[in-house]
Number of protein chains: 2
Amino acid sequence: MRITQHDIARKANVSQSTVSRVLAGDAKVDASLRRRVQEVLEAENYFRNARAAGLRKRSSAQVGVVLKRPARSLEGDPFVSVLVSCMTEVLRPADYHLCVEVASSSAEQAHIYEQLLRSDRVDGVVVLEPEMRDARFAQLLEDRFPFVVVGDPGEVAVPSVDNDNVMAGALATRHLLEAGCARVGMIAGPDEVRFSEDRIRGYVQAMRAAGQPPRVWHSAFGPRAARETARRAFDEDAPPDALVVLDDAMALGAVSEAQRLGLRVPEDLALVGFNDSGLCELVEGGLSSVALNIEDLIRKATEELLEMMRGRKPIRRTRELVPCSLVARRSSARGGRA
Amino acid sequence: MRITQHDIARKANVSQSTVSRVLAGDAKVDASLRRRVQEVLEAENYFRNARAAGLRKRSSAQVGVVLKRPARSLEGDPFVSVLVSCMTEVLRPADYHLCVEVASSSAEQAHIYEQLLRSDRVDGVVVLEPEMRDARFAQLLEDRFPFVVVGDPGEVAVPSVDNDNVMAGALATRHLLEAGCARVGMIAGPDEVRFSEDRIRGYVQAMRAAGQPPRVWHSAFGPRAARETARRAFDEDAPPDALVVLDDAMALGAVSEAQRLGLRVPEDLALVGFNDSGLCELVEGGLSSVALNIEDLIRKATEELLEMMRGRKPIRRTRELVPCSLVARRSSARGGRA
DNA sequence: CTGTTAGCGCCTTCAA
DNA sequence: TTGAAGGCGCTAACAG
């Protein structure tokens with residue numbers, strides 16, 4: 001049995017409500033009483049029971065986040081680590097805690113959301129990987145439940161924070177053009193994948209602005225698929241001398257294929273990836289990459305959620321784009337305009 | 001304001017405790033009453049308030065896990081994703097939830113543990129990255145708080161689940177020996193790192209058993225450091241024709257150095273890494289790797305914790321080793337005994 | 001079998 | 001300023 005305010009009250013010879021007041025920092029408690037109580041609190045190493053306090057205050061001091069894990073692909077996703085770190089980093093000073101759930105299907109996801117909200121286990125949620133006509137939004141809005149979307153929620157009027165993927169695509173492309181590359185191509189992801197499409201838009205914009213014809217190859221995710229795609233690209237009549245590649249892992253696939261063909265990086269092929277992940281180290285001299293500043297994104301989203309939970313901010317359409325930045329390494333060091 | 005059992009009771013024209021009984025599946029509720037209540041529950045989409053139930057039952061139906069994030073190294077750690085997935089996978093069917101905390105220093109970590117336990121926010125914890133004389137154990141044991149250590153807790157008598165790193169080292173080594181490699185070396189981690197030392201022991205055992213002299217190079221973590229170390233190894237008089245490398249990322253560093261020197265993999269240099277991570281795909285034909293079956297490990301640990309929380313198992317010394325397995329790919333395909 | 005009652009530990013009026 | 005009392009929503013013992 002844990003120690004309660006009642007126990008403290010007895011030992012300090014005051015009423016339990018006085019103990020509660022001292023803990024709350026109530027200014028109108030007599031100094032001597034306060035000291036007595038605080039000494040006992042210290043001595044007994046008292047911590048307030050979170051559940052009881054929450055029951056009374058009608059709040060859990062917890063926020064939730066629901067990950068989606070397609071089927072059984074447990075392959076360590078580095079994003080989760082960043083998500084958890086950044087969220088707790090913001091939540092902790094505000095005395096909030098993080099409850100993480102994992103859904104393996106859409107049906108389960110829906111149930112988890114419902115349970116999370118209606119059982120009052122959390123005071124707010126961060127919604128990941130929004131889908132086009134996302135059933136979660138209606139439910140959350142109807143319940144007036146505080147939430148923030150990370151990603152692109154589409155047309156619905158909800159609070160969201162996102163990368164600027166268009167800018168990211170343009171940034172990578174301009175960088176290669178400025179390095180003097182003559183035929184900058186892009187290896188993108190599968191069709192209809194939102195962030196891929198956005199980066200393509202940025203790429204195309206930048207190419208058009210430079211008066212160059214864009215050239216995009218679609219590829220499945222992963223380094224292996226990207227290697228195959230790169231092979232197709234190098235097989236063409238006028239193969240690219242630079243590639244913007246959808247992410248770092250895929251860029252490594254392209255590098256590996258280039259090496260197989262005896263192409264030198266960056267002399268024969270310059271590359272820029274996305275995410276600025278640890279993978280960039282795997283290329284000798286480093287892989288240039290667009291840092292999406294996911295950390296900032298998560299922190300922003302969490303801060304906004306906090307504001308909403310505190311009732312200082314209404315739950316309404318809001319769209320913040322976190323700027324990205326280019327980390328130049330050897331893979332794109334072609335040295336000035338050709 | 002959320003809907004309560006009281007509301008349900010009124011609408012079904014029964015007492016609130018009957019509602020509670022129906023929810024608890026109490027067999028001795030009359031069938032007609034039960035149906036009436038269940039209809040209302042359904043209609044109102046009732047979910048039990050987790051806090052209130054917990055307060056009464058003296059349990060939170062939550063377990064905690066505290067990650068340690070040294071300073072500001074947010075670099076996405078893929079382990080976190082696996083940890084969270086596997087824990088929730090086991091917890092969910094048991095109706096438990098996961099509360100994740102992140103500590104950036106030892107002091108903060110201690111405080112988080114104390115708060116987590118004493119504020120009764122969770123019913124049990126999974127303890128990661130145990131240290132040699134870990135202050136957490138004493139505290140947890142004294143409070144009779146359910147916990148399981150993932151990793152090697154050393155001499156203290158606590159429940160733990162761990163990889164079999166010795167076996168892992170031996171497995172990798174034997175595999176290379178059986179492939180006909182003549183001089184199998186090992187690139188290990190920094191001194192005194194427990195799992196590295198254990199894998200070295202396995203390596204040495206296997207080499208001795210084969211009548212071969214072991215040769216170990218110590219290296220800092222990361223592919224870059226491993227590349228330097230590999231260079232030193234290749235510089236020796238009788239360079240290794242095969243390497244057991246502490247992890248996949250470091251193995252990639254070695255591969256990259258080998259390629260630079262014109263060595264073919266696996267003909268001139270065979271390799272085996274550890275973790276069977278996604279990085280293995282980055283080597284053409286694949287990097288052979290020892291799968292540590294972290295998923296099993298986490299699931300085992302979580303299951304044991306559940307048992308302890310349910311009071312079906314005491315909190316005492318327990319040490320379970322999860323077996324590992326070798327995933328052979330092209331990087332070690334030397335084709336039978338030479 | 002069902003309803004009434006008594007808390008779980010805390011916060012917060014309301015009187016004193 | 002302090003203490004007594006009520007109630008957050010729920011479970012469980014006790015009557016009936």
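Below, read A as the first sequence line, B as the second, and so on, with proteins coming before strands; counting in each chain starts at 1.
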Compare side-chain N and O positions of [X] against OP1 and OP2 of [N] and report whether any pair is under 4.0 Å apart.
| X | N | result |
| --- | --- | --- |
| Ser20(B) | dA12(D) | no |
| Arg58(B) | dG9(C) | yes |
| Ser15(B) | dT4(C) | no |
| Arg21(A) | dT12(C) | no |

*When you match Ala52(B) and Ala27(B) each to their closest nucleotide on DNA chain C, which lands nearer the 5' end?*
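Its nearest nucleotide being more 5', the pick is Ala27(B).
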Please enumerate all residues that pass salt bridge (Lys or Arg N to Asp or Glu O under 4.0 Å) together with [X], with sequence neighbours excluded.
| X | result |
| --- | --- |
| Arg21(B) | none |
| Arg56(B) | none |
| Glu114(B) | none |

*asked:* For Arg92(A) versus Val102(B), what's the shortest heavy-atom pair and its separation?
replied: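 Of all heavy-atom pairs spanning Arg92(A) and Val102(B), the closest is NE-O, 4.5 Å.
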*Is there a donor-acceptor contact under 3.5 Å from the side chain of Ser60(A) to the main chain of Arg121(A)?*
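Confirmed, Ser60(A) side chain pairs with Arg121(A) backbone.
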*Are Glu295(B) and Arg299(B) ion-paired here, with the side-chain N under 4.0 Å from a carboxylate O?*
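Judged by the 4.0 Å cut-off on N to carboxylate O distance, Glu295(B) and Arg299(B) do not form a salt bridge.
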*Salt-bridge contact Glu304(B)-Lys300(B) (side-chain N to carboxylate O under 4.0 Å)*: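 Salt bridge: no.
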*Listed in order of residue number, which residues of residues 3-11 of chain A have a non-hydrogen atom at under 4.0 Å from DNA chain C?*
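Thr4(A), Gln5(A), in order of number.
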_Any residue in residues 30-46 of chain A with a heavy atom nearer than 4.0 angstrom to DNA chain C? Just list them by number, or reply none._
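The stretch gives Tyr46(A) as the residues lying under 4.0 Å from the strand, ordered by number.
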*Which pairs, with at least one residue in residues 312-322 of chain B and sequence neighbours excluded, count as a side-chain hydrogen bond (donor to acceptor under 3.5 Å, both in side chains)?*
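Only Ser160(B)-Arg319(B), Asp162(B)-Arg319(B) qualify under side-chain hydrogen bond (donor to acceptor under 3.5 Å, both in side chains).
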Measure from [atom1] on [X] to [atom2] on [N] and round the result to the nearest Å.
| X | N | atom1 | atom2 | value |
| --- | --- | --- | --- | --- |
| Asn13(A) | dG3(D) | CG | P | 9 Å |
| Arg56(A) | dC11(C) | CZ | C1' | 4 Å |
| Leu23(B) | dA12(D) | CG | P | 12 Å |
| Gln16(B) | dG9(D) | CD | P | 11 Å |
| Arg2(B) | dC8(D) | CZ | P | 16 Å |
| Arg51(B) | dT11(D) | CZ | P | 14 Å |

Measuring from the side chain of [X] (C-beta onward, heavy atoms only), which nucleotide among [options] has the closest atom?
| X | options | value |
| --- | --- | --- |
| Ser17(A) | dT2(C), dA4(D), dC11(C) | dA4(D) |
| Leu55(A) | dT12(C), dC8(D), dC8(C) | dC8(D) |
| Lys28(B) | dC10(C), dT11(D), dC1(C) | dC1(C) |

*Could you walk me through whether Thr18(A) and Ser15(A) pass side chain to side chain donor-acceptor pair (under 3.5 Å), step by step?*
CA-CA 5 Å; Thr18(A) 299; Ser15(A) 81; 3.3 Å; yes
